[in-house]
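Working notes, structure below.
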Amino acid sequence: MTTNFLDQLNPAQRESVESVDGPVLIVAGPGSGKTRVITNRIAYLVLHQKVSPYNIGAVTFTNKASREMKDRLVPLLGTEAKILTVGTFHSFCSMILRRSGQYLGLSNNFVIYDDDDQISAVKQSMKDVDIDPKQFNPRTVLSTISNSKSQLVNYEGFNSQKSNYYEEVVSKIFERYEEILSQSSALDFDDLLLKTHQLLTEFQDAAKIYQTKFHYFMVDEFQDTNIAQYSIAKIISETSRNLCVVGDPDQSIYSWRNADIRNILSFQSDFPEAKILPLEQNYRSSQNILDAAKNIITKNQQRVDKNLWTSNDKGSLISIDEAYDEEEEARKVIKEIQGLVDNDEYSLSDFAVMYRVNAQSRSFEMACQRFGVPYQIVGGVKFYHRREIKDITSYLRLILNSEDDISLSRIVNVPPRGIGQRTLSEVSRIARQNNKSLYESIISITSGNNTSHQLGNRAINSLNQFISCIDQLKNSAGNLDIMQLIDLTVLETGYRKYLETDENSEERMENVQEYRNSSREYSSVPALEGLVGFLEGISLISDIDTFEEGIDSITLITLHQSKGLEFPIVFITGMEEGLLPHIRSLDSGSPEELEE
DNA sequence: TTAAATGTTCTTTTT
DNA sequence: GAACATTTAA
């Protein structure tokens, strides 16, 4: 099988593929075939260097990228490709924590809180420690916490470093926030990284397992990694020294998510012997487009110049069109697309309409509908963030782990069952007082063990009904596969009936159906394990993962999500003051943000 | 005390 | 147009 896959590469790509030993930094310009280089690198290791795929690890930016990588490797490596570890940094860490989390006292059935859950947890924390959400925006507080964690500073660290009033307040919230999460056996996105790092630094034998397993480790989109991610990669390859990172400082667009471009500098000082390989030939774009991009980005103050070039044609010039408002803009774009398709020059899947913020998609959706142009929208109101989906997910989480306070508070009165604000805050007070979860507290109230509450019979009755419903589902959970469990939950909790009264009843029912179908791949797994796997999957999935290429429709997508994709024709819309760049990066006063 | 109805505020990019 | 806050009816 030592086929000629290497012959299809240019000399620079080939060198990147064959330089497998020791630390390597590949500075890969846009459209330079870096995905191809990484996959071929893995193939080269297996076929030429006789490394088992079991001993190779690679982390990508999205699940989509890792799936594509595997798909490309299957024809080269056959079924062996299956034992390769490829995934996002978060799913990679999640795997480690499920296997070795017991070192840290973690339950291996932990759930992963997404941003909605995190916000709920922050709000709850603020309530618990008596801080007015009007004075301190929960979102800002969360981003401070998240920022701290992604720099490997946990609550204890934050608390000891706090230096002003704001940090003092955050510190209080932070403490409670961590309590809530740990009580609920939940980890947030940052915890996945932080705890993995903690595990690998504090427990030598745990670290050793992974250091021995991974002889070769690769990190894609290295410019988008944060400090925690880089540290983990470094520890994993401490013994082997075979760490290969691929990135491009010019394509760093995630610093607001704590991606730290200084990782590239640190890499060079941490691994002074590292080979640095540039990939500068661009296969994606025409010369004109490359020139335009270059002329913009060279205006940036802090950057090392790259010599991007292409042997592609000059291509057509970039055309600029002006519209009176977003409706006219959408109409013009869609008309233009229709014209090109009608001439049989292109098919719908060749087109992408890109914009800076999701809200801009609406005018294009409307125009598509009006002119009958099929479209695929990436992102926006995310499937797994829809209300009905989050509700059922919360029920499932509660079935798995009743101590999950955030999930319980979300659905305790959905559908309405007579457990209102007053009742819930009383239960919450009792729970705080006894340092117990909401679920336990409800049981102690309904069973009469706790009488220090001020709840009437009506409320206790409602609580009783709720608890017996959840308990019944818990008892059934062990004998049902995930799809059956979803069906039973929707039925027994009265959620189905509740949806029937909703104004968007049909659409929401369809979403539930789709949700149920998406659990199919876990239905063959043993009951509890299937539930855990399914819940993890939906937490770590990203919008771009559901994007389907080759469908006969145009693509509506944010600039951020379009990273790594290719389209023959692209419309960049809303290029106006305040939108691109966004007003928030103008305001911030930091030139870096504006440059980004 | 809860549930429904009405009013108000806010809205970058996301694993 | 969704999330949140406040008012009103039951």
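Remember, it's a predicted structure, so these values are computed and weren't measured experimentally. In what follows, every chain begins at residue 1, and chains take the letters A, B, ... in the order their sequences are listed.
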Closest-nucleotide 5' rank along DNA chain C - winner of Lys134(A) and Asp116(A): Asp116(A)

Heavy-atom nearest nucleotide on DNA chain B taken for Gln454(A) and for Ile541(A); more 5' hit belongs to Gln454(A)

Measuring centre to centre across the rings, with the benzene-like ring taken for any Trp, is Phe61(A) within less than 6.0 Å of Phe89(A)? no

Ring centres of Tyr230(A) and Phe222(A) under 6.0 Å apart? yes

Just how far, in rounded Å, is C1' of dT15(B) from CG of Asp190(A)? 10 Å

CD1 of Ile557(A) versus P of dT13(B): gap in Å, rounded? 13 Å

Interatomic distance where CG belongs to Asn258(A) and P belongs to dT14(B) [whole Å]: 15 Å

Taking the six-membered ring for Trp and the full ring for Phe, Tyr or His, determine whether the centres of Tyr155(A) and Phe158(A) are under 6.0 Å apart. no

Residues Lys64(A) and Glu68(A) bridged, charged N to O under 4.0 Å: yes

Under 4.0 Å from OP1 or OP2 of dC10(B): is there any side-chain N or O of Asn137(A) that close? no

Provide, to the nearest angstrom, the distance between the NE2 atom belonging to His385(A) and the P atom belonging to dT15(B). 9 Å

Residues which pass salt bridge (charged side-chain N to carboxylate O under 4.0 Å, His left out) with Asp502(A), listed by chain and number, not counting sequence neighbours: Arg387(A), Arg508(A)

Ignoring backbone atoms, establish whether Thr558(A) has a side-chain N or O less than 4.0 Å from OP1 or OP2 of dT14(B). yes

Closest to the 5' end of DNA chain C, once Gln421(A) and Arg362(A) are matched to their nearest nucleotides, is Arg362(A)

OP1 or OP2 of dT14(B) sitting under 4.0 Å from any side-chain N/O of Gln561(A)? yes

What is the distance, to the nearest angstrom, from the CZ atom on Arg410(A) to the P atom on dA3(C)? 8 Å

For a quick check of understanding: with a heavy-atom distance under 4.0 Å over all strands, which category does Asn358(A) fall into, base, sugar-phosphate or nothing? sugar-phosphate

Checking dT15(B), dT2(B), dT13(B) against the side chain of His560(A) (C-beta onward), the nearest is dT13(B)

Rounded distance (Å) that lies between atom P of dA3(C) and atom CG of Asp117(A): 13 Å

For Asp502(A) and dA2(C), give me the distance from atom CG to atom C1', rounded to whole Å. 14 Å

Would you indicate which nucleotide in dT15(B), dT2(B), dT14(B) comes nearest to any side-chain atom of Arg458(A)? dT2(B)

Is the shortest side-chain N/O distance from Asn413(A) to OP1 or OP2 of dT2(B) below 4.0 Å? no

Any stacking of Phe89(A) on dT15(B), going by centres under 5.5 angstrom and planes within less than 30 degrees? no

Using whole Å, report how far CD1 of Ile460(A) lies from P of dT2(B). 12 Å

